[in-house]
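The next block holds one structure in the form of structure tokens; read it before the comments.
A note on names: the letters A, B, ... follow the listed sequences, proteins ahead of strands, and every chain is numbered from 1. Computed from a predicted model, the values in this text were never measured in an experiment. Values below: every heavy atom of this structure, side chains too, minus hydrogens, waters and symmetry copies.
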2 protein chains.
Amino acid sequence: MKIQRRARTPGRPRAFDADRALDRALEVFWRKGYEGASLSDLTRAMRINRPSLYAAFGDKQGLFRKALDRYAEGPASYTRDALNEATARAAVERLLYGTADAMSDVRNPRGCLLVQGALACGDEASTVKRELIARREAGERALCQRLKRAKLEGDLPPDSDPVVLARYVATVNQGIAVQAASGASRAALRKIAEIALRAWPK
Amino acid sequence: MKIQRRARTPGRPRAFDADRALDRALEVFWRKGYEGASLSDLTRAMRINRPSLYAAFGDKQGLFRKALDRYAEGPASYTRDALNEATARAAVERLLYGTADAMSDVRNPRGCLLVQGALACGDEASTVKRELIARREAGERALCQRLKRAKLEGDLPPDSDPVVLARYVATVNQGIAVQAASGASRAALRKIAEIALRAWPK
DNA sequence: ATACATCTGTACCGTGCAGTACAAAGTATC
DNA sequence: GATACTTTGTACTGCACGGTACAGATGTAT
């Protein structure tokens with residue numbers, strides 16, 4: 001989702017790259033969570049001043065939502081790719097190992113923005129919390145749809161329950177996110193994924 | 001850990017029950033996290049005023065730590081009990097189902113204080129974050145010790161790795177905590193535990 | 001060249017935060 | 001009853017928060 005200035009508009013041109021600034025805001029939210037990230041933290045990291053932030057992204061919640069979109073299309077894009085694997089097993093493998101890798105990527109903060117962005121928070125951030133819940137659930141539903149298809153295709157046993165399996169995988173992913181936030185190594189996270197896959201129906 | 005006033009001391013007696021007040025503080029921290037819980041939230045819930053809070057519990061961090069201790073001995077005490085089960089399998093079963101039940105207990109906030117208390121936060125709360133990491137790791141280590149003993153007793157296969165298994169169980173537990181914070185039902189959480197146990201070595 | 005529209009930077013707004021000073025109130029000892 | 005000692009309640013402190021007013025800067029369109 002490019003934030004682009006309308007071409008051919010008079011007025012002083014924007015002196016910063018909005019996408020680059022958004023990336024920096026994303027990193028701050030990722031590291032500190034929605035509540036923990038102050039506007040001063042954000043403007044410092046984005047290297048713009050406050051009115052520029054408000055003009056380009058709206059208020060703090062607006063900026064956070066745009067950061068969420070960017071997160072989904074960037075660091076978390078593997079989750080969508082994983083669902084395109086040929087088999088349910090391959091999709092879930094790629095999902096779990098992809099999470100292990102993504103959450104221990106040294107170029108990014110540890111853990112998952114969708115989990116640690118606002119897990120428990122004050123009243124003011126509760127709409128943000130609900131937004132994150134909705135996005136996590138959407139991911140789980142997408143996986144569930146993929147597993148239902150797999151069941152129809154005979155790719156999953158007839159007695160398996162896609163709803164429960166999708167919830168299990170989502171749960172392990174979220175658990176891995178917490179482990180990563182605690183500082184667990186990539187190797188440790190991958191071993192978790194390996195064990196978790198032993199529960200997968202044959 | 002009773003907070004008791006020294007007997008036989010002159011002076012105006014405390015007008016509130018410190019343990020009861022601590023329980024109420026625990027609930028606020030549990031629901032809103034460390035950063036999200038303001039002192040006004042806390043004093044309102046505890047039904048005491050600010051100087052009484054500071055006199056009895058120190059500052060906000062001190063209160064939080066005491067709430068953590070109370071959490072461990074109260075709502076989370078099942079984690080210690082679980083390790084006393086006769087077999088590793090029974091211990092892990094009780095741990096996972098216990099978590100599913102505890103985190104969907106209608107008498108308490110949803111989710112796990114050790115997870116959502118301060119997963120990502122601003123700089124000021126980073127020592128609290130580290131404290132929570134340490135406590136989660138301590139729980140994982142305790143389980144690991146139990147599994148090592150089980151291996152020695154022939155209760156776990158010789159090729160199993162207690163470190164990895166303990167990490168897996170801790171991860172599922174933390175994932176269940178996130179699911180609970182998202183509003184998942186008790187039945188859903190128990191099914192997750194059931195699936196997760198399929199990965200357990202025979 | 002001039003008018004106009006937008007962006008930038010500074011300096012500010014009201015509010016809520018964690019933490020505290022201080023006087024009044026209550027209990028034990030003498 | 002006087003004194004010593006602690007808790008209570010009110011009112012306050014300094015500070016950081018999210019958000020904005022406004023003036024000057026910088027571009028495009030005419």
| message | Around atom CZ of Arg80(A), are there more than 12 heavy atoms from other residues, nucleotides or ligands closer than 6.0 Å? | response | no
Identify all side-chain donor-acceptor contacts of residues 184-191 of chain B below 3.5 Å with residues at least two apart in sequence or on another chain.
residue	atom	partner	partner atom	Å
Ser185(B)	OG	Ala188(B)	N	3.1
Arg186(B)	NE	Ser104(B)	OG	2.8
Arg186(B)	NH2	Asp101(B)	O	2.8
Arg190(B)	NH1	Asp101(B)	OD1	2.7
Arg190(B)	NH1	Asp101(B)	OD2	2.8

| query | Quick one: side-chain hydrogen bond (donor to acceptor under 3.5 Å, both in side chains) partners of Thr79(A), sequence neighbours excluded? | reply | none
| task | Please name all residues satisfying side-chain hydrogen bond (donor to acceptor under 3.5 Å, both in side chains) with Tyr34(B), sequence neighbours left out, ordered by chain then number. | result | none
Rounded distance in Å - [atom1] ([X]) to [atom2] ([N]):
| X | N | atom1 | atom2 | answer |
| --- | --- | --- | --- | --- |
| Tyr54(B) | dG19(C) | OH | C1' | 4 Å |
| Asp123(A) | dG16(C) | CG | C1' | 13 Å |
| Leu53(A) | dC17(D) | CG | P | 14 Å |
| Phe57(B) | dG19(C) | CZ | C1' | 16 Å |

| query | For DNA chain C, which residues in residues 23-30 of chain B have a heavy atom at a distance below 4.0 Å? | reply | none
| query | Among all residues two or more places apart in sequence or in another chain, which pass the salt bridge (Lys or Arg N to Asp or Glu O under 4.0 Å) test with Arg130(A)? | reply | none
| request: Name all residues meeting the salt bridge (Lys or Arg N to Asp or Glu O under 4.0 Å) criterion together with Asp59(B); count only those two or more places apart in sequence or in a different chain, and write none if there are none. | output: none
Which donor-acceptor pairs under 3.5 Å do the side chains of residues 111-118 of chain B make with protein atoms, sequence neighbours left out?
residue	atom	partner	partner atom	Å
Gln116(B)	NE2	Trp30(B)	O	2.9
Gln116(B)	NE2	Arg110(B)	O	2.8

How about [X] and [Y]: does a side-chain donor come under 3.5 Å of a side-chain acceptor?
| X | Y | answer |
| --- | --- | --- |
| Ser38(B) | Asp41(B) | yes |
| Gln145(A) | Arg141(A) | no |
| Asp123(A) | Ser126(A) | no |

| Any residue of residues 39-46 of chain B with a heavy atom less than 4.0 Å from an atom of DNA chain D | none
| note | Within residues 124-134 of chain A, the residues having a heavy atom closer than 4.0 Å to DNA chain D are none
Side-chain donor-acceptor pairs of residues 90-98 of chain B under 3.5 Å, sequence neighbours excluded:
residue	atom	partner	partner atom	Å
Glu93(B)	OE2	Arg89(B)	NE	2.9
Glu93(B)	OE2	Arg89(B)	NH2	3.4
Arg94(B)	NH1	Glu85(B)	OE2	2.7

| said: Using five pairs at each end of the helix from dA1(C)-dT30(D) to dC30(C)-dG1(D) to define an axis, what is the angle between those two axes, to 10°? | reply: 0°
Shorter than 3.5 Å, N or O on both sides, protein versus nucleotides 8-11 of chain D: list them out with atom names.
residue	atom	partner	partner atom	Å
dT8(D)	OP1	Ala15(B)	N	2.6
dT8(D)	OP2	Ser52(B)	OG	2.8
dG9(D)	OP2	Asn49(B)	ND2	2.7
dG9(D)	O5'	Asn49(B)	ND2	3.1

| query | Has the side chain of Lys60(A) got a donor or acceptor atom that lies under 3.5 Å from a matching backbone atom of Leu39(A)? | reply | no
| Of the non-hydrogen atoms in Leu83(A) and Arg146(A), which two are nearest, and what is the gap between them? | O-NE, 3.0 Å
